[in-house]
Amino acid sequence: MMAGPAFSLFTLLTALTVAPVIQAGNPDPDDPVARGEYLFNMGGCASCHTAREDYPLAGGLAMETAFGVFYTPNITPDKSTGIGHWSEADFIAAMSQGKAPDGSYYYPIFPYNAYSKMSRDDLLDLKRYLDTRTPIVLKNRPHQPSFPYNFRPLIALWRLVNFDGAPFQPDPDKSQAWNRGAYIVNGPGRCNECHSPRNFTGGISTDARLKGNPLGPEGESVPGLTMTADNRISQWSDEDILFSLKIGMTPDGDFLGGSMGQVIEDTTGKLSEEDLKAITHYLRDTGESK
Ligand code: HEC
Ligand code: HEC
């Protein structure tokens, strides 16, 4: 009788630990499409742009926010309803400036604030990977922003306050691992987007970065990741942090859930051990004011 639950826990653990170990490695540096796929996972694009498994990347996910309901667009290479007709310049402007081909600005619910930290080479590899995806014909659903956010030019104002648009600048006084971690956490990994509190305009409070967010994307409380006593991650070993990012299990045997569950499935569970270590290394260096 007792063997049942113990066995299923064992099977679960084996399944969870074996799977990521097999897939997680660095992509072949000479293969731009493989590099692009890796960056696609790092950016968690599928989390938002795949609403239905049978329509990968065709969008349609309804995102309910305090600013209204937004629907993710089709980013497959379909030429009429997706982004198959986009030039490299169009893609770079969208990802790093939040600017659409018609010159209008995207709502920051598309986390281009984070993607603007990505290098041009990384963005081009990401596009090469997206170009290899199956084109799917599916029209975008119009957003339903609430008043006054239905006025797109208002985004220009938001950008003035909240968007710096500068690519990531490595700190020459820090190690390569630290800089890699900083790039992922503040850039494509989007950790900063959820784990930092937001000000009343919906922008990230820069003086409280990674200190936790009482009102996360699914209305849940997002724990802080800085190494201060109020954040439990500060008591975890490097292995504990690595393990939680790989399979979502915390040192006390709980599983991380909510929006982090999706992040583990689409992003951190697919990153190389080297990158997870870089993230951990960077987080270790975040204290009171960082
Ligand atoms: C948190 C959800 C979210 C994530 C993660 C996300 N996006 Fe989006 N994306 C959106 C939303 C919402 C829009 C629509 C914004 C608007 O219309 O103002 C959008 C718009 C876009 C557009 C513009 C499409 C068009 O037709 O104009 C592109 C391109 C895009 N995203 C690519 C990506 C890529 C590549 C990734 C991963 C690196 C990614 N997105 C990750 C939510 C997301
Ligand atoms: C979409 C929002 C979102 C993103 C993006 C995100 N997180 Fe999380 N994270 C959460 C939420 C919500 C929790 C709490 C989950 C729970 O308690 O079940 C969490 C929990 C964690 C925890 C456990 C901390 C604790 O005290 O329990 C760690 C570690 C973590 N995230 C690291 C990261 C890293 C590293 C990244 C970037 C690669 C990241 N997160 C990106 C939402 C997010």
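The structure displayed is predicted, hence computed values, not measured ones. Computed over heavy atoms, backbone and side chain alike; hydrogens, waters and symmetry mates excluded. All ligand and atom numbering here is 1-based and tracks the order in the structure.
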Problem - N140 backbone acceptor or donor facing N74 side chain under 3.5 Å - result: no
For residues 87-96, please give each side-chain donor-acceptor pair under 3.5 Å, one per line with the distance, not counting sequence neighbours.
| unit_1 | atom_1 | unit_2 | atom_2 | d |
| --- | --- | --- | --- | --- |
| S87 | OG | A89 | N | 3.4 |
| S87 | OG | D90 | N | 3.0 |
| S87 | OG | D90 | OD2 | 3.4 |
| D90 | OD2 | S87 | N | 3.1 |
| S96 | OG | I92 | O | 2.6 |

Handout entry: L225 neighbourhood, listing ligand 2 atoms whose heavy-atom distance to it stays under 4.0 Å
Key = 28 (C), 29 (C), 30 (C), 32 (C), 33 (C)
Problem - Residues R232 and D252 bridged, charged N to O under 4.0 Å - result: yes
Problem - Atoms in ligand 2 with a heavy atom of G189 nearer than 4.0 Å - result: 37 (C), 38 (C)
Handout entry: V185 contact mode with ligand 2 (heavy-atom cut-off under 4.0 Å)
Key = neither
Exercise for the section: Among F151, Y107, F67, find the one that has a side-chain contact (heavy atoms from CB on, under 4.5 Å) with P145. Expected result: Y107
Practice task
For residues E220 and S259, determine if any side-chain heavy atom of one lies less than 4.5 Å from a side-chain heavy atom of the other.
Solution key: yes
Practice task
Could you check whether the rings of F40 and Y129 sit parallel, tilted or perpendicular, using 30° and 60° as the cut-offs?
Solution key: tilted
Exercise for the section: Take atom OH of Y55 as the centre, draw a 6.0 Å sphere, and report whether it contains more than 12 heavy atoms from other residues, nucleotides or ligands. Expected result: no
Fill in the blank from the handout: In ligand 2, the atoms that come under 4.0 Å of a heavy atom of E220 are 12 (C)
Handout entry: Any donor-acceptor pair under 3.5 Å from T50 side chain to L57 backbone
Key = yes
Practice task
Report the part of E218 in contact with ligand 2, treating N, CA, C, O as backbone and CB onward as side chain, heavy atoms under 4.0 Å; options are side chain, backbone, both, neither.
Solution key: neither
Problem - Donor-acceptor side-chain pairing of D207 and S205 below 3.5 angstrom - result: no
Fill in the blank from the handout: For ligand 1, protein residues within the heavy-atom limit of under 4.0 Å are G43, G44, C45, C48, H49, M63, T72, P73, I75, I83, W86, M95, Y106, Y107, I109, F110, P111, Y115, L126, L130, H143, R152, R190
Handout entry: Basic-acidic side-chain contact under 4.0 Å: D164, R159
Key = no
Practice task
Return yes or no for this condition: an N or O of G257 is under 3.5 Å from an N or O of ligand 2.
Solution key: yes
Handout entry: Residue I279 vicinity, atoms of ligand 2 by number, heavy atom under 4.0 Å
Key = 35 (C)
Exercise for the section: Could you list the atoms of ligand 2 found under 4.0 angstrom from a heavy atom of T268? Expected result: 38 (C)
Problem - Among D28, D121, D122, the one residue meeting salt bridge (charged side-chain N to carboxylate O under 4.0 Å, His left out) with R35 - result: D122
Practice task
Would you please determine whether G258 falls within less than 4.0 Å of ligand 2 on a heavy-atom basis?
Solution key: no
Fill in the blank from the handout: Per-atom filter on ligand 2: closer than 4.0 angstrom to a heavy atom of I233 are 29 (C)
Practice task
Spell out, as yes or no, whether a donor-acceptor pair under 3.5 Å connects the side chain of N179 to the backbone of S175.
Solution key: yes
Exercise for the section: Report yes or no: does a heavy atom of I241 sit under 4.0 Å from some atom of ligand 2? Expected result: no
Practice task
Please confirm if an N, O or S atom belonging to H195, backbone or side chain, lies less than 2.8 Å from atom 8 (Fe) of ligand 2.
Solution key: yes
